[in-house]
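These values consider heavy atoms only, across backbone and side chains, with no hydrogens, waters or symmetry-generated copies. Below, chain A is the first sequence line, B the second, and so on; all start at residue 1.
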Amino acid sequence: MDTIETVLRDVPLFGGLGSAELETVAGCGSNVRFRSDEMLFRDGDEAETFYVIRQGAIALEMFVPSRGPVTIETLEAGEVIGWSWLFPPYRWHFDARALSLVRATGFDGACLRGKCEADPKLGYELMSRFAQVAIERLQWTRLRLLDVYGYARVD
Amino acid sequence: MATHASTDLREPPGPMAPEPFRVSRRRRETRDTWTLEFEPVTGVPLELAPGQFTMLYAFGIGEVPISISGDTEGPLVHTVRAVGAVSQAICASRPGSVLGVRGPFGNSWPVEDARGSDVVVVAGGIGLAPLRPALYEVLRRRGEYGEVALLYGSRTPDDLLYRRELERLRGRFDLHVDVTVDSAEGGWHGKVGVVPKIIGGARFEPDSTVALVCGPEIMMHFAAQALLERGVPGERIFLSMERDMRCGLGHCGHCQLGPTLICRDGPVYRYDELRELMAVREL
């Protein structure tokens, strides 16, 4: 059976990290599973964990009064969900729902923050990686803001 | 009595004269988009190639360029989004109505040249319509290609074209179909996100892949970037461009794109040849 450290080697977020660093990160992780439709977390809950999805898909949602849950984005195997554990007030800003059976590795945010504070080099590496994920998601969000399919050349 | 030079009615009509085509079938795709099938009133079918377009004429209203969206070995099929007076009139044409058709015009997707390669079809919105004939062609000779993927994005689930056909295609073992929408509310269990993002999840060998891309220009720009990042060379990425095509013959100049005329030199361009033109704001 693969250890968490072995699994992390194939996750783009951790690409290029050395064995010692991977071992340190893996020490804060544990394997978890969610049934289809189960909530991983809800808007306003304390953000103690982030997840690396190993199998299945997750919807990031926001509940809009009179419309119900609106899906903001879906995430799949190999992707990471959650960065609210990095910054105060450590609260989730969205809901996250499993769209299918999801197998993931969950990481204890407080554990990882502690290790990052103790080892600034590791902290920098992880912060850089999460910033890259955040920037990529921001770029895709900006593209969606353009509503590219909503406009057409009028004849 | 003065004499006048008269038109010889025995002369065949020129390329500016529309041929009458009768609407034989009409199907609603989305709230504003319809697919129409045509049969030639003269009985003479058109010779079509995937990627080409015709000038479709609603008599007394006007003419618009519309891509071929059906199997090129079958009848003429167009999928039209009602966004103006002409396209609204075309979409409202019931079976039995007669419209004018000129063409087909333009070049085609490099389906022949892609034999032996993986093929990735990337479509956004109504951009799936011009790509559908190419996909049919590839699937008809499936054994001559490597991996084949269809990656399609639309605004919402209700805006997906050819919904039943997409579901049927997803059932094939020799085709990877991935669909995403920009936003969704309850009842949608598929992906939410932009189409360039799902390029990363498709299986293909980048350096032996031919990518065919069609959609809004900004979407094509980001899709081409995502393909380049995956390692697909620019000369193997093909985009279909749209401008104000009018004559279809390269005479009027309305569809000029830099040194090219889309109706004559396009609408399909290689990305490495198009890249600089796409960056010019005035074009």
*Inspect the contact between A:K121 and A:E21 and indicate whether a charged nitrogen and a carboxylate oxygen are less than 4.0 angstrom apart.*
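Between A:K121 and A:E21 there is a salt bridge, with a charged N closer than 4.0 Å to a carboxylate O.
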
_Looking at chain A, which one of B:Q88, B:H189, B:E63, B:K197 has the largest number of heavy-atom pairs inside 4.5 Å, strictly under?_
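It is B:K197.
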
*In terms of heavy-atom pairs under 4.5 Å with chain A, which of B:G62, B:G215, B:G193, B:G153 leads?*
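If we count pairs closer than 4.5 Å to chain A, B:G153 comes out on top.
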
_Positive for ring-ring contact (aromatic ring centres under 6.0 Å, His included) with A:F50, one of A:F130, A:W92, A:F41, A:W83_ =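 Looking at A:F130, A:W92, A:F41, A:W83, the match for A:F50 under the ring-ring contact (aromatic ring centres under 6.0 Å, His included) is A:F130.
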
*Part of B:E242 lying under 4.5 Å from any heavy atom of chain A*: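 Both parts, backbone and side chain.
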
*Counting only heavy atoms closer than 4.5 Å, note whether B:V86 contacts chain A via side chain, backbone, both or neither.*
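For B:V86, heavy atoms of backbone and side chain both lie under 4.5 Å from chain A.
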
*Under a 4.5 Å heavy-atom cut-off, does chain B meet the side chain of A:L60, its backbone, both or neither?*
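No part of A:L60 comes within 4.5 Å of chain B.
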
*Side chain, backbone, both or neither: which part of A:Q139 has a non-hydrogen atom closer than 4.5 Å to chain B?*
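Interface part for A:Q139: neither.
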
*Look at the SG atom of B:C247 and the SG atom of B:C263, then say if they are under 2.5 Å from each other.*
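No, because the SG atoms of B:C247 and B:C263 are not under 2.5 Å apart, which misses the disulfide cut-off.
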
*Between A:D147, A:L146, A:L99, A:T141, which shows the greatest number of heavy-atom pairs under 4.5 Å with chain B?*
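Heavy-atom pair counts peak at A:D147.
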
*Please check if atom CZ in A:R91 has more than 12 non-hydrogen atoms from other residues, nucleotides or ligands closer than 6.0 Å.*
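Atom CZ in A:R91 is crowded, with more than 12 foreign heavy atoms closer than 6.0 Å.
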
*Under the side-chain hydrogen bond (donor to acceptor under 3.5 Å, both in side chains) criterion, do A:R54 and A:T105 qualify, and how do the steps go?*
CA-CA 7 Å; A:R54 289 185 286 115; A:T105 304; 3.2 Å; yes

